[in-house]
Amino acid sequence: MSTVTIPRLFDLLLQQYGQQYWWPAQSPFEVIVGAVLTQNTAWTNVEKAITNLKSAKALSAEVIVAAPMRRVANWLKPSGYFNVKAKRLRHVCLWYLEQGGYKKLCRVETARLRVSLLSVHGVGRETADDILLYAFQRPVFVIDAYTRRLFRRLGFIAGAEAYDILRSKVERSFARRKTKVMVFNEYHALIVRHAKNVCKVKPRCGECCLTAVCARCGV
DNA sequence: ACCCAGGGTCATA
DNA sequence: TATGACCATGGG
C-alpha cells in the first residue's frame, strides 16, 4: 500500500488540476494589495475592490497614502471589513514607500524581509508569506486554513500546531528540491483550487472540507 | 435566514 | 499560550 506524503500530495493535486498560474495579478504591488484584501474574504469580492482601485487610478502606494481614509474605504467596500482594511492597506503602503519600493525590497534577504513585513500593522504570518512567495518569489510555503484542514485530514499533522511549525515542516519536506519557489507557488494554489470541491451538504460535518468526495457525508 | 470566505488585532485569563 | 469578540461584503 502506498502512503501519501506531503510531496506526493503535490504531485497528485498537480495531476488532477494542472498548473494554476498564481497569483492572479498584473504587478507585485497588486499582489501585495490583494494579499491584504483577501484576509478572510472570498476572492471574487477582492476582485471588485481591486477593480475599483484601478478605475480610480488608485492602485499605487502614493495615491492610497495621499487619499482620505474614507475614500480608500469606499474603494475597498466590496471586499468587506473596509474600515479595517483601509487602515491596513495604508500601513502597508507607508511601509512600501519607506522601504524604497519594490526594487529596494527585492534586495532584502528573505528572513529579514519577513520580519519587516510582520512589523506592519495588519500583516500577519499568512499575508506576509503570500507577499514573500507571490510578490517576491521567495521559497516560503503559505499555510492557510485549507492547508491545515487538508493536512490534518490526511494525517500529515495534528492540526493545532503553530503556524511556523507547519511552515517549516512543509518546507523541510522539499528541502532537496531545486525549484522550491515554483513548487510552493503551485502547491498553495492547488490546495485552494482543491478546496472548491468541498461538498455542499448542510449542516457541514466539519470533516468534509478539501476532499472531492466526503466519506462522512457520503457525497 | 443562515453559513462561509485565500486573517489579524485586541482584550482577557 | 490560548480562547473570544470584532470587523462586513457578497454568493450559495
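Every value quoted in this text rests on a predicted model; they were computed, and no experiment measured them. Order of the sequence lines sets the chain letters (A, B, ...), proteins ahead of strands, with each chain counted from 1.
Between Pro24(A) and Leu118(A), the residue whose closest nucleotide on DNA chain B is further toward the 5' end is Pro24(A). Of the residues near DNA chain B, Thr44(A) and Val120(A), the one whose nearest nucleotide (by heavy atom distance) lies more toward the 5' end is Thr44(A). Between Thr41(A) and Lys48(A), the one whose closest nucleotide on DNA chain C sits nearer the 5' end is Thr41(A).
Taking the P atom of each, dG10(C) and dG8(B) are spaced 23 Å apart, rounded to whole Å. For the P atoms, the distance linking dG6(B) with dG4(C) amounts to 23 Å, nearest Å.
Arg138(A) places no side-chain N or O within donor-acceptor distance of the main-chain N or O of Ala111(A), the cut-off being under 3.5 Å. Listed for the Arg167(A) side chain is no donor-acceptor partner under 3.5 Å among the backbone atoms of Phe141(A). The main-chain N or O of Trp75(A) is found under 3.5 Å from a side-chain atom of Asn52(A) such that the two form a donor-acceptor pair.
Here the nucleotide nearest the side chain of Pro78(A), chosen from dA8(C), dG6(B), dG10(C), is dG10(C).
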Show which side-chain atoms of residues 61-71 of chain A pair as donor or acceptor with protein atoms under 3.5 Å away, not counting sequence neighbours.
none

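Residue Gln20(A) contributes atom CD, which lies 14 Å from atom P of dG6(B) at whole-angstrom precision. Rounded to whole angstrom, the span from the CG atom of Asn52(A) across to the C1' atom of dT9(C) amounts to 12 Å. Between Tyr146(A) atom OH and dG6(B) atom P the separation is 3 Å, expressed in whole Å. Summarising the geometry, the separation between CZ on Arg88(A) and P on dC6(C) is reported as 16 Å, rounded to the nearest angstrom. Protein atom CD1 of Ile50(A) is 12 Å distant from nucleotide atom C1' of dG6(B), rounded to whole Å. Taking atom CD of residue Gln39(A) and atom P of nucleotide dT9(C), one finds them 17 Å apart after rounding to whole Å. Rounded to whole Å, the distance from CG on Leu76(A) to P on dT9(C) is 12 Å. dC6(C) atom C1' lies 13 Å from atom NZ of Lys87(A), rounded to whole Å.
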query = For DNA chain B, what dot-bracket results from Watson-Crick or G-U pairs at under 3.5 Å, with [ ] for crossers and | for inter-strand partners?
reply = .||||.|||||||
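Put simply, Asn83(A) has a side-chain N or O that comes within less than 4.0 Å of OP1 or OP2 on dA8(C).
Interface residues of residues 121-138 of chain A facing DNA chain C, ordered by number: none; criterion, heavy-atom separation under 4.0 Å.
A distance of 6.5 Å separates CE of Met182(A) from CD of Gln19(A), quoted to the nearest 0.5 Å. Annotation: the span from Ile32(A) atom CD1 to Trp23(A) atom CH2 amounts to 10.5 Å, rounded to 0.5 Å. With rounding to the nearest 0.5 Å, the separation of CG in Leu9(A) from CZ in Phe151(A) is 6.0 Å.
For Trp22(A) and dG6(B), the ring-to-base geometry satisfies the stacking test (centroid distance below 5.5 Å, interplanar angle below 30°). Aromatic stacking is marked for Trp43(A) over dG6(B), as both cut-offs hold: 5.5 Å for the centres and 30° for the planes.
The ring of Tyr102(A) has its center no closer than 6.0 angstrom to the ring center of Phe29(A).
Heavy atoms of Lys77(A) sit under 4.0 angstrom from primed sugar atoms or phosphate atoms, though from no base atom.
Side chains of Ser119(A) and Trp95(A): no donor on one and acceptor on the other come within 3.5 Å. A donor-acceptor pair shorter than 3.5 Å cannot be found between the side chains of Asp130(A) and Thr127(A).
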